[in-house]
Amino acid sequence: MEERALEIACQECGRPLPQRADDERAVRCAACFDDYLRDIDNEFLQSYAKLGVISRRTVAETCLRGLVLESPPARKILAMAIMEQFLLASADLIGLVQAIRDRACRPIVQSFLSFQLDDEASRSFFAALEAADGDLLDAVGLPVPDVVSVRYPALPPLDARDLALALQSFVRDLRTTAQRGGSALHLSELAGSVRGGPSLTEQPSYLNGVAMRPDQVASLVLDERRRQLVLHAVPVDEHRLGEVVDAIDCMTRAASNLIFSYLTVQDEEERLRPQADAYS
C-alpha cells in the first residue's frame, strides 16, 4: 500500500498548497505571500535607506580615491568598478521609482528586488520622465512641495519644510539624471547584453579595426541577440571618472529623498484616514 504524501499547508492561513513539479515546497500561498510582502514594504524601505541606498556611492568614491595611487593596470580595474557602480545605481533608482509607482499592482519589495535593468527598462524610464514633464511627483503618488502644509496640517512646520525640500531635491536630481540619460542608456545596453558581467580586456587586437588608447580599458560582452561582440572603451581619466561619481551621488540623493518623501507621506495619509472615515 502506497504511503500518502504529507499535505503541505500555508503557514499563514493553513490552506493546502498545490504540489509543484520541481518538488520545491512553498512556504505561503500566493495571497498570503502578497500580504506578507506588503506588510514589510515600509520597513524594507527604512532599512534600505540607511545603508543600501548609499552603497553604490561609497564604493565608487573609494575606488576614485584609490585610483590616484595605483599602477596603470589597477587604475583600469578601478575605473571599470566605478562604471559598474554607476550601472548599479541606475538600476537601483529606476527600480525604486518603478516599484513605488506600481505599488498598487505589486508589493514594493517584490517589484524592487526582482527588477533588472536592461535596454527596454532604461529607455522606458527616461521616456516616462520626458512625458511626465511637470508631473514627476504625481507619477509616483507624491504631492508638489507647495501644497504640503495644506494637505498635511498635522505635520509640524519643520517636518513640513523638510518634506517640501526633499520633494524639490528629488525632482531636481531626477531631471539631472534624465539629462545624463545618454550615459545611462549606454550602460543599460551594456547590462542588457551581458551574461554574468563584462570581461575586461587590455587591447582587443583580435577584433578587426578596433584600436584603443593607452588610457582606456575595454569592457567586452557577448550580444547573443545580434550575434556579435560588443566593446565599450572606458577612460581612466580622473576628471571623467569624477563626473561619473557625481552622477552616482545625484542618483543616490534622488533615491534617498524619494524614500524619505514616500514614507513621510504614508505616515500622514494614515493619520488622515480616521478623519476621512469619520465623515463617511
Side-chain angles (χ1 to χ4, degrees), residues 34-63 82 84-117 121-122 125 128-129 132 136-145 148 151-152 154-178 180 184 244-272:
D34 187 87
D35 291 341
Y36 163 72
L37 292 179
R38 290 190 183 280
D39 286 343
I40 66 171
D41 268 346
N42 287 2
E43 291 184 17
F44 165 76
L45 289 176
Q46 290 170 356
S47 177
Y48 175 70
K50 292 178 181 178
L51 185 62
V53 76
I54 64 172
S55 61
R56 314 305 184 192
R57 182 182 63 195
T58 301
V59 173
E61 289 176 344
T62 302
C63 290
I82 292 172
E84 181 183 17
Q85 294 307 309
F86 179 59
L87 172 60
L88 294 172
S90 300
D92 288 349
L93 177 59
I94 295 174
L96 182 63
V97 171
Q98 177 176 295
I100 292 179
R101 184 194 63 200
D102 298 339
R103 61 188 179 276
C105 301
R106 297 177 70 194
I108 291 174
V109 62
Q110 181 182 31
S111 182
F112 179 72
L113 293 182
S114 62
F115 176 79
Q116 292 188 350
L117 181 64
S122 182
F125 175 74
L129 285 184
L136 292 174
L137 293 171
D138 185 62
V140 290
L142 295 176
V144 295
V148 166
R151 184 165 175 176
Y152 306 118
L155 194 62
L158 290 179
D159 293 340
R161 185 198 64 180
D162 289 343
L163 175 57
L165 290 175
L167 291 167
Q168 291 172 356
S169 179
F170 169 65
V171 172
R172 180 174 61 251
D173 288 329
L174 206 59
R175 292 192 184 283
T176 302
T177 299
R180 294 168 174 162
V244 175
V245 174
D246 288 342
I248 295 173
D249 183 54
C250 181
M251 289 186 285
T252 298
R253 286 197 310 270
S256 296
N257 283 309
L258 173 57
I259 294 174
F260 170 78
S261 300
Y262 172 77
L263 292 176
T264 303
V265 166
Q266 288 295 300
D267 287 343
E268 292 308 304
E269 291 291 343
E270 187 67 25
R271 195 201 308 247
L272 292 173

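Heavy-atom basis, side chains included; hydrogens, waters and symmetry copies ignored.
The CZ atom of R101 lies 11.5 Å from the CG atom of L96; values are rounded to the nearest 0.5 Å. Atom CG of residue N42 and atom CD1 of residue I259 lie 11.0 Å apart, to the nearest 0.5 angstrom. Rounding to the nearest 0.5 Å gives a distance of 10.5 Å between CD of Q110 and CD1 of I40. Separating the CZ atom in R56 from the CD1 atom in I248 is a distance of 10.0 Å, to the nearest 0.5 Å. From L142, atom CG reaches atom CD of Q266 across 8.5 Å, with rounding to the nearest 0.5 Å. Annotation: the span from C250 atom SG to R172 atom CZ amounts to 9.0 Å, rounded to 0.5 Å.
Put simply, the side chain of S90 gets close to the backbone of F86: a donor and an acceptor are under 3.5 Å apart. Using modelled atom types, no side-chain atom of R38 and backbone atom of D35 make a donor-acceptor pair closer than 3.5 Å.
In this structure, the side chains of M251 and D92 stay at 4.5 Å or more apart for every pair of heavy atoms. Side-chain contact between E61 and Q85: absent, with no pair of heavy atoms (C-beta onward) separated by less than 4.5 Å. R106 is listed as a side-chain neighbour of S114, based on a closest heavy-atom distance under 4.5 Å. Looking only at side-chain heavy atoms (C-beta outward), L155 and D267 stay at 4.5 Å or farther from each other. A 4.5 Å side-chain heavy-atom check between F125 and L117 finds every atom pair outside the cut-off.
When all heavy atoms of A254 and L93 are compared, the closest pair comes out as CB-CD1, 4.0 Å. Considering all non-hydrogen atoms of both residues, A154 and R271 come closest at CB-CD, 3.6 Å. Minimum interatomic distance between V53 and A255 (heavy atoms only, all atoms of both residues): CG2-CB, 3.4 Å. Pairing each heavy atom of L137 with each of P143, the nearest pair is CD1-O, 3.4 Å.
Each of V148, V144, L258 was evaluated against L167; a single residue qualifies, V148, per the side chain to side chain contact (heavy atoms under 4.5 Å, CB included) test.
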**Q.** V140/V97 under side-chain contact (heavy atoms from CB on, under 4.5 Å): CA gap, chis, key distance, verdict
**A.** CA-CA 7 Å; V140 290; V97 171; 3.9 Å; yes
Practice task
Begin from the C-alpha positions of R103 and D41 and carry the test salt bridge (charged side-chain N to carboxylate O under 4.0 Å, His left out) through to its verdict.
Solution key: CA-CA 10 Å; R103 61 188 179 276; D41 268 346; over 6 Å; no
- Given Y152 and V265, is the side-chain contact (heavy atoms from CB on, under 4.5 Å) satisfied, shown in steps? CA-CA 9 Å; Y152 306 118; V265 166; 3.3 Å; yes
Check: Going through the distances and angles, do E268 and L272 end up as a side-chain contact (heavy atoms from CB on, under 4.5 Å)?
Finding: CA-CA 6 Å; E268 292 308 304; L272 292 173; 5.5 Å; no
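In this view, F112 and F44, Y48 satisfy the ring-ring contact (aromatic ring centres under 6.0 Å, His included) rule, not counting sequence neighbours.
Among pairs with a residue in residues 249-264, those fulfilling side-chain hydrogen bond (donor to acceptor under 3.5 Å, both in side chains) read R57-D249, S169-N257, D173-R253, D249-R253, at least two apart in sequence or across chains.
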